[in-house]
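Read the structure below first, then the notes.
Here, residue 1 is the first one in the sequence, and each next residue gets the next number. Remember, it's a predicted structure, so these values are computed and weren't measured experimentally.
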Amino acid sequence: MRKYTAGRMVRSAAVFVLMLLLFPYIVSVFVNGAGADEKPFYVRVRTEDGAGNETVAEAAWPEYLAGILAMEMPEGCEAETAKALAVLIRTRLYRDAGSDENASVKERFLTGEELADRQGMEEARKIFETYVQAVDATDDTVLMYQDGYAWTPYFQSGSGKTRDAGEVLGTDAYPYLAVRECPADAEEAEMQEFIFNCGEIQELCRDFLVAEESGETAGKGYSAADFEILSRDSAEYVHEMRIGNTVCTGDQFRDALSLPSAAFTITAVPDDSRSVLITTTGKGHGLGMSIRTAERMAEEGKTYEEILGYFFEGADLRKDVPENGIFRY
């Protein structure tokens, strides 16, 4: 006999109620969505458990995109922001799938059960409706550059400007990713402070430090004087910095320390030469669309087309479906 805990029974009941609440809307969108004569379609989703075992399951494509939106968007977001992000996510998934006939996706998404656990029944229903509507309203719309899918990065908030991909990556492949003013980011700057011991940083950055950590340097260790910002890009993110005799990028440093942003300052901690204070601005890599400024634009009446045209000037909105094995009808 299977045993059910009280928590599991409550959770199962919650999911059942959620599905009852959403059922009429889901049926309308999934079955009749873009036209009553069209069949619903599914995407193959690859997941991995804690032991590293992979499984592939099918999920309704609109529901899958809505689940990704539920993870990425702030609560109570504007409908036009959700539409803009739906286009960016759809484009990324198509781009990543390429021409693989056995393509599958593996992006994490919120299930109905998880959304109900986080938000409660009524709020989960409203959120899910908003995101499914955003997916349906932008049906098959993607961003293209020349003859291919555009690269469509986005982030939560930044330094007050988006970054130029040419400066960050050293390539002219993404001319549509240029510096854009983000007034909402500047006015509502998201700043955080972190104190790190220099020895801790040395350990976290060991994969890209030059081989100077031997002999005298290894015994002495780093001090605050061994950290210096050498240059910043046009959006004030750290471009290059020095750690001892190593020159690295701000993004390498951010990733190694799991900082929220590469827009940071680094200073000595008073009375502690072996520690540094790192102050970051924003949350995310700073490339592409700022969700915070997109929200401001939507509040001011801008459409999702106008929002995407601002952040990805030079890329085109088109209707497209990939010619690969990503879908099952």
Side-chain angles (χ1 to χ4, degrees), residues 18 21-22 25-26 29-30 33 43 45 59-96 105-143 150-158 162 180 182-185 187-190 260-261 282-312 317:
L18 176 63
L21 289 169
L22 295 176
Y25 186 80
I26 292 175
V29 173
F30 289 2
V43 62
V45 183
W61 174 242
E63 184 180 42
Y64 179 67
L65 285 184
I68 298 175
L69 281 171
M71 291 194 65
E72 300 286 357
M73 292 298 298
E75 292 183 27
C77 71
E78 295 289 323
E80 295 303 306
T81 312
K83 292 176 189 177
L85 192 56
V87 172
L88 299 185
I89 293 170
R90 182 186 291 112
T91 305
R92 181 177 70 233
L93 293 174
Y94 287 4
R95 178 186 170 97
D96 290 348
V105 294
K106 57 182 179 180
E107 185 123 357
R108 178 83 172 86
F109 70 108
L110 274 182
T111 64
E113 179 178 353
E114 291 168 327
L115 191 57
D117 283 344
R118 286 188 182 189
Q119 303 291 345
M121 273 312 101
E122 184 61 24
E123 191 62 26
R125 182 186 66 80
K126 292 178 183 177
I127 292 172
F128 199 80
E129 280 188 1
T130 297
Y131 296 148
V132 173
Q133 287 171 351
V135 171
D136 187 48
T138 60
D139 184 43
D140 292 339
T141 303
V142 293
L143 268 176
W151 182 37
T152 55
Y154 55 88
F155 58 99
Q156 293 296 323
S157 66
T162 62
R180 299 282 184 267
C182 296
D185 294 17
E187 293 168 17
E188 304 170 30
E190 187 174 350
S261 170
K283 184 177 181 182
H285 46 61
L287 287 161
M289 186 182 83
S290 160
I291 292 177
R292 176 165 292 175
T293 289
E295 273 285 89
R296 171 75 64 81
M297 295 174 70
E299 290 168 359
E300 294 172 348
K302 297 292 192 297
T303 65
Y304 81 89
E305 294 97 336
E306 291 173 316
I307 292 170
L308 293 176
Y310 178 72
F311 286 108
F312 298 88
L317 284 168

How close do V135 and A66 get, heavy atom to heavy atom, and via which atoms?
CG2-N, 3.9 Å
Taking the side chain as every heavy atom from C-beta outward, state whether W151 and T91 have any pair of such atoms under 4.5 Å apart.
no
Show your working on salt bridge (Lys or Arg N to Asp or Glu O under 4.0 Å) between K126 and E129 and close with a plain yes or no.
CA-CA 5 Å; K126 292 178 183 177; E129 280 188 1; over 6 Å; no
Closer than 4.0 angstrom, basic N to acidic O: yes or no for E187 and R296?
yes
Rounded to the nearest 0.5 Å, what's the gap from CE on M73 to CD on Q156? Could you check?
8.0 Å
Before giving the answer on side-chain contact (heavy atoms from CB on, under 4.5 Å), spell out for S157 and I291 the whole-Å C-alpha distance, their side-chain angles and the decisive distance to 0.1 Å.
CA-CA 6 Å; S157 66; I291 292 177; over 6 Å; no
Closest heavy-atom pair, E63 versus F128, reported as atoms and distance to 0.1 Å, is CG-CZ, 3.8 Å
Is the Y94 ring parallel, tilted or perpendicular to the W61 ring (thresholds 30°, 60°)?
parallel
Atom pair CG/CG of D117 and L110 - distance to nearest 0.5 Å:
10.0 Å
Closest contact, heavy atoms only, P153 versus L88:
O-CD1, 4.4 Å
Under 3.5 Å, is there a donor-acceptor pair linking the side chains of R90 and T138?
yes
Point-to-point distance, once rounded to the nearest 0.5 Å, from CD1 of I307 to NZ of K83
10.0 Å
Could you check whether any side-chain heavy atom of L85 comes within less than 4.5 Å of a side-chain heavy atom of L69, counting everything from C-beta outward?
yes
Can you check whether Y154 reaches L287 side chain to side chain, under 4.5 Å on heavy atoms?
no
Pair T303-E80, side-chain donor/acceptor within less than 3.5 Å
no
Rounding to 0.5 Å, atoms SG (C182) and CD (E188) come to a distance of 12.0 Å
Can you confirm whether Y131 sits close enough to C77 that some side-chain heavy atom of one is under 4.5 Å from a side-chain heavy atom of the other?
yes
When you compare the side chain of I68 with that of L93, does any pair of heavy atoms fall below 4.5 Å?
yes
State, yes or no, whether a side-chain contact exists between F155 and P260 at a heavy-atom distance under 4.5 Å.
no
Hydrogens and angles aside, do D185 and T293 bring a side-chain donor and acceptor to less than 3.5 Å of each other?
yes
Determine yes or no for a side-chain-to-main-chain donor-acceptor pair under 3.5 angstrom, with E78 supplying the side chain and A294 the backbone.
no
Which heavy atom of V87 sits nearest to which heavy atom of L143, and what is that distance?
CG1-N, 4.1 Å
Below 4.5 Å, heavy atoms only, C-beta onward: do R180 and F312 meet side chain to side chain?
no
May I ask you to decide whether E295 forms a salt bridge with R292, counting only side-chain N to carboxylate O separations under 4.0 Å?
no
Taking side chain as C-beta onward, heavy atoms only, is S261 less than 4.5 Å from K283?
no
Closest non-hydrogen contact found for F311 with S290 is CE2-N, 3.7 Å
